[in-house]
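Reviewing the structure listed below.
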Amino acid sequence: MIDIKKNIFILTGAGVSKESGIETFREKDGLWDNFRIEDVCTIEAFIKNPQFVNDFYNQRKKKMNDLKVKPNPAHEKIANLENKWQGEFLLVTQNIDNLHEKAGSKKIIHMHGTLEHAYCMNCNEKYKLDFELNVDFICKRCNSKGQVRVDVVWFGEQPKGLDLIYNFLNKTDIFLSVGTSNNVYPAAGFIDYLNKTNRKAELYEFNIDKTNKSELFTKSFIGPASETLKKFVSSI
(Lines give C-alpha, C1' and ligand atoms only; values in the text may rest on other atoms or scores of the structure.)
Protein backbone atom coordinates (compact mmCIF):
# COMPACT_ATOMS: atom_id res chain seq x y z
CA MET A 1 0.00 0.00 0.00
CA ILE A 2 1.39 3.40 -1.00
CA ASP A 3 1.85 5.81 1.90
CA ILE A 4 0.79 9.30 0.74
CA LYS A 5 2.68 10.87 3.66
CA LYS A 6 6.01 9.90 2.12
CA ASN A 7 8.03 11.98 -0.36
CA ILE A 8 7.25 11.30 -4.02
CA PHE A 9 9.25 12.17 -7.14
CA ILE A 10 7.58 11.83 -10.56
CA LEU A 11 9.60 11.92 -13.78
CA THR A 12 7.72 12.26 -17.07
CA GLY A 13 8.89 11.97 -20.65
CA ALA A 14 7.70 12.27 -24.23
CA GLY A 15 5.38 9.27 -24.00
CA VAL A 16 3.00 11.24 -21.79
CA SER A 17 2.71 14.11 -24.27
CA LYS A 18 2.46 11.80 -27.27
CA GLU A 19 -0.88 10.52 -25.98
CA SER A 20 -2.12 14.09 -26.26
CA GLY A 21 -0.95 14.46 -29.86
CA ILE A 22 2.48 16.02 -29.35
CA GLU A 23 5.09 14.47 -31.63
CA THR A 24 8.13 12.92 -29.98
CA PHE A 25 11.67 13.51 -31.14
CA ARG A 26 13.16 10.05 -31.02
CA GLU A 27 10.62 7.75 -32.58
CA LYS A 28 10.40 6.83 -36.25
CA ASP A 29 7.48 9.20 -36.79
CA GLY A 30 9.00 11.90 -34.63
CA LEU A 31 10.43 15.28 -35.47
CA TRP A 32 13.95 13.99 -36.03
CA ASP A 33 12.67 12.46 -39.30
CA ASN A 34 12.09 15.96 -40.65
CA PHE A 35 14.72 18.04 -38.84
CA ARG A 36 18.30 17.34 -37.97
CA ILE A 37 19.29 17.93 -34.35
CA GLU A 38 22.16 20.07 -35.56
CA ASP A 39 19.76 22.39 -37.41
CA VAL A 40 17.28 23.22 -34.65
CA CYS A 41 18.61 22.23 -31.23
CA THR A 42 22.08 23.71 -30.86
CA ILE A 43 23.49 27.16 -30.25
CA GLU A 44 25.54 26.74 -33.43
CA ALA A 45 22.31 26.32 -35.43
CA PHE A 46 20.87 29.49 -33.91
CA ILE A 47 23.99 31.48 -34.73
CA LYS A 48 24.05 30.14 -38.30
CA ASN A 49 20.34 30.42 -39.13
CA PRO A 50 18.41 32.02 -36.25
CA GLN A 51 15.10 32.51 -38.05
CA PHE A 52 15.00 28.87 -39.14
CA VAL A 53 15.41 27.85 -35.50
CA ASN A 54 12.87 30.46 -34.36
CA ASP A 55 10.32 29.18 -36.88
CA PHE A 56 10.83 25.61 -35.68
CA TYR A 57 9.86 26.60 -32.14
CA ASN A 58 7.09 28.91 -33.32
CA GLN A 59 5.56 25.85 -34.99
CA ARG A 60 6.00 23.74 -31.84
CA LYS A 61 4.25 26.48 -29.87
CA LYS A 62 1.41 26.65 -32.38
CA LYS A 63 0.97 22.89 -32.19
CA MET A 64 0.97 23.00 -28.39
CA ASN A 65 -1.76 25.64 -28.40
CA ASP A 66 -3.96 23.72 -30.84
CA LEU A 67 -7.38 23.29 -29.21
CA LYS A 68 -7.23 19.58 -30.06
CA VAL A 69 -4.13 19.12 -27.88
CA LYS A 70 -5.32 18.62 -24.32
CA PRO A 71 -4.05 16.98 -21.14
CA ASN A 72 -4.76 13.26 -21.11
CA PRO A 73 -5.67 11.09 -18.07
CA ALA A 74 -1.97 10.65 -17.18
CA HIS A 75 -1.52 14.42 -16.83
CA GLU A 76 -4.76 14.67 -14.90
CA LYS A 77 -3.93 11.85 -12.49
CA ILE A 78 -0.52 13.34 -11.73
CA ALA A 79 -2.17 16.68 -10.92
CA ASN A 80 -4.78 14.89 -8.83
CA LEU A 81 -2.04 13.04 -6.97
CA GLU A 82 -0.23 16.29 -6.20
CA ASN A 83 -3.43 17.82 -4.87
CA LYS A 84 -4.05 14.95 -2.45
CA TRP A 85 -0.46 14.08 -1.53
CA GLN A 86 0.43 14.73 2.12
CA GLY A 87 4.20 14.27 1.91
CA GLU A 88 6.62 16.29 -0.18
CA PHE A 89 5.91 16.20 -3.92
CA LEU A 90 8.00 17.01 -6.98
CA LEU A 91 7.19 16.58 -10.66
CA VAL A 92 10.13 16.76 -13.08
CA THR A 93 9.33 16.68 -16.78
CA GLN A 94 11.57 16.36 -19.82
CA ASN A 95 8.73 17.79 -21.94
CA ILE A 96 8.72 21.40 -23.11
CA ASP A 97 4.94 21.70 -23.47
CA ASN A 98 2.48 23.08 -20.90
CA LEU A 99 0.13 20.10 -20.60
CA HIS A 100 1.05 19.36 -16.98
CA GLU A 101 0.22 22.94 -16.05
CA LYS A 102 -3.04 22.79 -18.00
CA ALA A 103 -3.97 19.70 -16.00
CA GLY A 104 -3.32 21.56 -12.74
CA SER A 105 0.25 20.59 -11.78
CA LYS A 106 2.11 23.26 -9.78
CA LYS A 107 5.19 21.73 -8.13
CA ILE A 108 7.01 21.16 -11.40
CA ILE A 109 10.49 21.54 -12.88
CA HIS A 110 10.89 21.65 -16.66
CA MET A 111 14.44 20.30 -16.79
CA HIS A 112 14.65 20.80 -20.56
CA GLY A 113 13.00 24.21 -20.50
CA THR A 114 9.62 25.22 -21.84
CA LEU A 115 7.93 26.79 -24.83
CA GLU A 116 6.21 29.14 -22.39
CA HIS A 117 9.30 31.32 -21.94
CA ALA A 118 12.12 33.02 -23.84
CA TYR A 119 15.19 34.95 -22.79
CA CYS A 120 17.82 37.31 -24.14
CA MET A 121 21.23 35.69 -24.59
CA ASN A 122 22.90 39.08 -24.18
CA CYS A 123 21.45 40.22 -20.83
CA ASN A 124 19.38 37.20 -19.66
CA GLU A 125 16.13 39.19 -19.59
CA LYS A 126 13.19 36.77 -19.27
CA TYR A 127 10.04 36.90 -21.41
CA LYS A 128 6.70 35.15 -21.36
CA LEU A 129 6.58 33.65 -24.83
CA ASP A 130 3.22 35.00 -25.97
CA PHE A 131 4.64 36.26 -29.27
CA GLU A 132 6.35 34.75 -32.32
CA LEU A 133 10.12 34.56 -32.12
CA ASN A 134 11.77 36.74 -34.73
CA VAL A 135 15.30 37.93 -35.51
CA ASP A 136 13.98 41.51 -35.60
CA PHE A 137 12.84 41.37 -31.97
CA ILE A 138 14.69 43.95 -29.84
CA CYS A 139 15.29 43.19 -26.18
CA LYS A 140 13.52 45.72 -23.98
CA ARG A 141 16.32 45.65 -21.42
CA CYS A 142 19.57 45.83 -23.40
CA ASN A 143 18.26 46.88 -26.83
CA SER A 144 20.05 43.99 -28.53
CA LYS A 145 18.45 42.79 -31.75
CA GLY A 146 17.92 39.13 -32.56
CA GLN A 147 19.29 37.80 -29.27
CA VAL A 148 16.01 36.58 -27.77
CA ARG A 149 15.59 32.80 -28.08
CA VAL A 150 13.25 30.14 -26.76
CA ASP A 151 14.01 29.01 -23.20
CA VAL A 152 14.55 25.39 -24.23
CA VAL A 153 17.69 23.47 -23.30
CA TRP A 154 19.66 22.72 -26.43
CA PHE A 155 22.26 19.99 -26.89
CA GLY A 156 25.42 20.91 -25.05
CA GLU A 157 23.57 23.07 -22.51
CA GLN A 158 22.97 22.33 -18.84
CA PRO A 159 19.49 21.01 -17.91
CA LYS A 160 17.57 23.14 -15.46
CA GLY A 161 17.07 22.57 -11.74
CA LEU A 162 19.59 19.75 -11.29
CA ASP A 163 20.61 20.85 -7.78
CA LEU A 164 16.97 20.88 -6.64
CA ILE A 165 16.34 17.58 -8.39
CA TYR A 166 19.23 15.71 -6.78
CA ASN A 167 18.48 17.21 -3.36
CA PHE A 168 14.95 15.82 -3.66
CA LEU A 169 16.19 12.44 -4.90
CA ASN A 170 18.17 12.13 -1.66
CA LYS A 171 14.94 12.18 0.35
CA THR A 172 12.67 10.42 -2.15
CA ASP A 173 10.59 7.53 -0.81
CA ILE A 174 8.58 6.82 -3.97
CA PHE A 175 9.80 7.34 -7.55
CA LEU A 176 7.52 7.15 -10.59
CA SER A 177 8.97 7.10 -14.11
CA VAL A 178 6.19 7.83 -16.59
CA GLY A 179 6.38 7.72 -20.39
CA THR A 180 10.15 7.77 -20.65
CA SER A 181 12.62 5.20 -21.95
CA ASN A 182 15.28 6.33 -19.45
CA ASN A 183 17.84 6.47 -22.25
CA VAL A 184 18.57 10.21 -22.27
CA TYR A 185 20.87 11.64 -19.62
CA PRO A 186 20.87 13.15 -17.11
CA ALA A 187 17.29 12.01 -16.46
CA ALA A 188 18.29 8.44 -17.33
CA GLY A 189 20.71 8.57 -14.42
CA PHE A 190 18.07 9.29 -11.77
CA ILE A 191 17.15 5.61 -11.39
CA ASP A 192 20.85 4.66 -11.15
CA TYR A 193 21.40 7.35 -8.53
CA LEU A 194 18.49 6.08 -6.44
CA ASN A 195 19.66 2.50 -6.63
CA LYS A 196 23.13 3.51 -5.41
CA THR A 197 22.27 6.09 -2.76
CA ASN A 198 18.65 5.59 -1.72
CA ARG A 199 17.86 1.89 -1.67
CA LYS A 200 14.80 2.36 0.54
CA ALA A 201 12.92 4.11 -2.27
CA GLU A 202 10.07 2.31 -4.05
CA LEU A 203 10.55 2.57 -7.82
CA TYR A 204 7.68 2.28 -10.32
CA GLU A 205 7.87 2.44 -14.10
CA PHE A 206 4.99 3.28 -16.45
CA ASN A 207 5.88 2.90 -20.13
CA ILE A 208 4.46 1.59 -23.39
CA ASP A 209 7.24 -1.03 -23.56
CA LYS A 210 9.87 -2.55 -21.32
CA THR A 211 13.08 -0.50 -21.22
CA ASN A 212 16.71 -1.39 -20.68
CA LYS A 213 16.30 -0.26 -17.07
CA SER A 214 13.01 -1.97 -16.27
CA GLU A 215 14.78 -4.53 -14.10
CA LEU A 216 15.92 -1.75 -11.76
CA PHE A 217 12.35 -0.86 -10.79
CA THR A 218 10.32 -2.36 -7.98
CA LYS A 219 7.57 -2.90 -10.53
CA SER A 220 6.89 -2.00 -14.16
CA PHE A 221 3.46 -1.26 -15.60
CA ILE A 222 3.43 -1.77 -19.36
CA GLY A 223 0.90 0.02 -21.55
CA PRO A 224 -0.30 3.56 -22.28
CA ALA A 225 0.39 5.77 -19.26
CA SER A 226 -3.11 7.24 -19.55
CA GLU A 227 -4.38 3.78 -18.60
CA THR A 228 -1.72 2.26 -16.33
CA LEU A 229 -1.09 5.38 -14.27
CA LYS A 230 -4.79 6.07 -13.97
CA LYS A 231 -5.31 2.61 -12.44
CA PHE A 232 -2.29 2.98 -10.17
CA VAL A 233 -3.33 6.36 -8.76
CA SER A 234 -6.96 5.28 -8.38
CA SER A 235 -5.81 2.31 -6.31
CA ILE A 236 -3.99 4.50 -3.77
Side-chain angles (χ1 to χ4, degrees), residues 9-46 53 56-57 60 63-64 72 74-75 78 90-100 105 108-117 149-169 172 175-198 201 203-217 220-225 228-229:
F9 183 116
I10 301 178
L11 172 68
T12 65
V16 177
S17 292
K18 184 178 182 182
E19 291 193 56
S20 291
I22 300 291
E23 302 100 327
T24 63
F25 282 128
R26 296 183 178 274
E27 294 189 64
K28 186 177 180 180
D29 61 345
L31 294 173
W32 286 164
D33 279 358
N34 300 314
F35 295 92
R36 297 195 314 152
I37 295 172
E38 297 87 349
D39 292 338
V40 293
C41 293
T42 65
I43 186 63
E44 291 79 11
F46 186 77
V53 175
F56 174 82
Y57 291 99
R60 304 286 76 71
K63 175 67 175 180
M64 184 181 76
N72 62 61
H75 295 107
I78 289 171
L90 180 64
L91 168 61
V92 175
T93 185
Q94 300 169 82
N95 301 330
I96 61 175
D97 57 66
N98 61 2
L99 292 174
H100 280 301
S105 292
I108 179 172
I109 294 176
H110 281 268
M111 65 178 295
H112 291 165
T114 171
L115 290 169
E116 291 288 87
H117 301 288
R149 54 163 278 192
V150 67
D151 193 9
V152 167
V153 176
W154 289 336
F155 284 84
E157 297 179 335
Q158 180 81 351
K160 299 176 181 293
L162 288 182
D163 287 343
L164 291 172
I165 288 170
Y166 277 101
N167 284 339
F168 199 94
L169 284 172
T172 291
F175 178 83
L176 307 185
S177 173
V178 187
T180 176
S181 62
N182 284 300
N183 284 328
V184 181
Y185 286 85
F190 295 165
I191 182 68
D192 301 310
Y193 184 83
L194 284 169
N195 273 291
K196 289 180 180 178
T197 64
N198 191 356
L203 313 172
Y204 299 98
E205 178 185 41
F206 301 82
N207 203 49
I208 196 70
D209 297 303
K210 286 276 189 177
T211 68
N212 60 4
K213 292 195 175 182
S214 292
E215 62 182 21
L216 300 178
F217 287 86
S220 293
F221 299 86
I222 305 304
T228 56
L229 187 65

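Starting from 1, each residue takes its place in the sequence as its number. Only this structure's heavy atoms are used, side chains among them; waters, hydrogens and symmetry mates stay out.
The pair K63-D97 does not count as a salt bridge, with every side-chain nitrogen at least 4.0 angstrom from each carboxylate oxygen.
In this structure, OG1 in T12 is found 6.5 Å from CD1 in I108, a value given to the nearest 0.5 Å. One finds the NE2 atom of H75 at 9.0 Å from the CG atom of N98 (value rounded to the nearest 0.5 Å). The distance from atom CZ of F221 to atom CG of L229, rounded to the nearest 0.5 Å, is 9.5 Å. Atom CZ of F217 is separated from atom CD1 of I191 by 4.0 Å, given to the nearest 0.5 angstrom. Rounded to the nearest 0.5 angstrom, L176 CG and L11 CG are separated by 9.5 Å. The structure places CG of D151 at 7.0 Å from CZ of R149, a figure rounded to the nearest 0.5 Å.
Closest approach of N198 to T172, counting heavy atoms only: ND2-O, 2.7 Å. The minimum heavy-atom distance between S214 and E205, with the atom names listed, is OG-OE1, 2.7 Å. Heavy-atom minimum distance, Q94 versus H112: O-ND1, 3.2 Å. The shortest non-hydrogen separation linking G113 to K160 is CA-CE, 3.8 Å. Of all non-hydrogen atoms in N72 and S20, the two that sit nearest each other are ND2-OG, 2.9 Å. Considering all non-hydrogen atoms of both residues, F206 and T228 come closest at CD2-OG1, 3.7 Å.
In summary, the side chains of T211 and S181 do not present any donor paired with an acceptor at a separation below 3.5 Å, with no hydrogens or angles considered. When only modelled atom types and interatomic distance are considered, N182 and S177 share a side-chain donor-acceptor pair under 3.5 Å.
In terms of modelled atom types and a separation under 3.5 Å, the side chain of T114 and the main chain of H117 share no donor-acceptor contact. With N95 contributing its side chain and A14 its backbone, the two residues share a donor-acceptor pair below 3.5 Å.
The side-chain heavy atoms of H110 and I96, taken from C-beta on, include no pair separated by under 4.5 Å. Two residues are said to be in side-chain contact when any heavy atoms from C-beta on lie closer than 4.5 Å; I109 and L90 meet this criterion. A 4.5 Å side-chain heavy-atom check between F190 and I165 finds at least one atom pair inside the cut-off. The shortest distance between side-chain heavy atoms of L194 and L169 falls below 4.5 Å.
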**OP:** Applying side chain to side chain contact (heavy atoms under 4.5 Å, CB included), run through V153 and M111 and close with a yes or a no.
**Re:** CA-CA 8 Å; V153 176; M111 65 178 295; over 6 Å; no
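Within the 6.0 Å centre-distance limit, the rings of Y193 and Y166 are counted as a close aromatic pair.
Each of D192, T180, N183 was evaluated against K213; a single residue qualifies, D192, per the side chain to side chain donor-acceptor pair (under 3.5 Å) test.
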